[in-house]
Amino acid sequence: RKMNFGLTEEDFIKVIEYNGDNSEAQFARDMFLLLFHCNGHYMSDILRIKNKNIENGYVRFVREKTKDTGLEVCFLLTNEARKLFSKYGKIDPDSPEDYVLPYLIGKSEEQIQSKVHDMNKRVRKGLSVLCSELGMTKITTKQARHTYASIANSSKRSMQEIQADLGHTNIQTTIGYINRVS
């Protein structure tokens, strides 16, 4: 199984500072950063966030991958995440059932699965262009999760806090997300 580590600090800064002319690479950069600022949660979860999931500056939801457990994740809606949500969607407390990002509006569950797949593919393609322009090795949306975990760890958050941030039920899973290099 291929290991999927977070970005180095140097590469993460390159991604943050990217401001190229390619609109798909820019979109991919923004989605990568949105996933990172949402504690590294996957596109399938971030696209499903509705306005009712945002309250008092926090985002709360049950992860799609582990919905059978009912384990709710909760994270602070940072200014960076708020800006990206607002750039591509709309946070509107007066419309609690509306998706914050518009990509799943009016879709059945089967269509949602397809749309999530399409969004991941679009972002992968854009990240490929971004990496080519920046002279970086290929990165994936999953690396936003590993990058978040590694940065949280280096910021001295406890492993239990990072476990809760990621919505893991097993601490060993969380440990596997942390970069082993200094």
Between [X] and [Y], what is the shortest heavy-atom contact and its length?
| X | Y | value |
| --- | --- | --- |
| Q143 | F5 | NE2-O, 2.9 Å |
| L35 | A144 | CB-CB, 3.9 Å |
| A28 | V123 | CB-O, 3.4 Å |
| C131 | T137 | SG-O, 3.4 Å |
| G57 | L76 | O-CD1, 3.4 Å |
| G20 | E133 | CA-OE1, 4.2 Å |

Is the shortest heavy-atom distance from the side chain of [X] to the side chain of [Y] under 4.5 Å?
| X | Y | answer |
| --- | --- | --- |
| E9 | I151 | no |
| V62 | L71 | no |
| E24 | K125 | no |
| M159 | I175 | yes |
| L166 | R145 | yes |
| R63 | T69 | no |

Exercise. Let me know which of L130, I16, L127 forms a side-chain contact (heavy atoms from CB on, under 4.5 Å) with F32.
Key: L127
Self-check item: Residue N170 excluded, over 12 heavy atoms near CG under 6.0 Å
Solution: yes
Taking [X] for the side chain and [Y] for the main chain, is one N or O donor matched with an acceptor at less than 3.5 Å?
| X | Y | result |
| --- | --- | --- |
| T147 | L7 | yes |
| N51 | D92 | yes |
| N120 | H117 | no |

Exercise. Might you work through the side chain to side chain contact (heavy atoms under 4.5 Å, CB included) test for D11 and I139, ending with a clear yes or no?
Key: CA-CA 10 Å; D11 282 348; I139 62 173; 6.0 Å; no
Self-check item: Ion pair D165/R157, N-O distance below 4.0 Å
Solution: yes
Exercise. Flag the pair R48 and E109 as a salt bridge only when some basic side-chain nitrogen lies within less than 4.0 angstrom of an acidic carboxylate oxygen.
Key: yes
Self-check item: ring-ring contact (aromatic ring centres under 6.0 Å, His included) between H41 and F61, worked out
Solution: CA-CA 11 Å; H41 287 287; F61 62 89; 5.3 Å; yes
Quiz item: Would you say the side-chain atoms of Y42 and E64 include a donor-acceptor pair closer than 3.5 Å?
Solution: no
Quiz item: For residues Q111 and S108, is any side-chain donor paired with an opposing acceptor at under 3.5 Å?
Solution: yes
Quiz prompt | Path from I171 to I162 over hydrophobic side-chain contacts below 4.5 Å | solution = yes
Self-check item: Verify same cluster id: M119, V129 (apolar side-chain graph, 4.5 Å)
Solution: no
Self-check item: Distance (rounded to the nearest 0.5 Å) between Y148 OH and I178 CD1
Solution: 9.5 Å
Quiz item: At what distance, to the nearest 0.5 angstrom, does CE of M31 lie from CG of L34?
Solution: 5.5 Å
Self-check item: CA sep, side-chain torsions, deciding dist, call: K87, D30, side chain to side chain contact (heavy atoms under 4.5 Å, CB included)
Solution: CA-CA 9 Å; K87 181 175 181 178; D30 288 350; 2.8 Å; yes
Quiz prompt | Pi-cation contact, Y99 with K50 (under 6.0 Å, within 45°) | solution = yes
Practice problem: Measure up the H168 and Y177 rings against each other and bin them: parallel (under 30°), tilted (30 to 60°), perpendicular (over 60°). | Solution: tilted
Quiz item: Relative to each other, are the rings of F12 and F36 parallel, tilted or perpendicular (30° and 60° limits)?
Solution: tilted
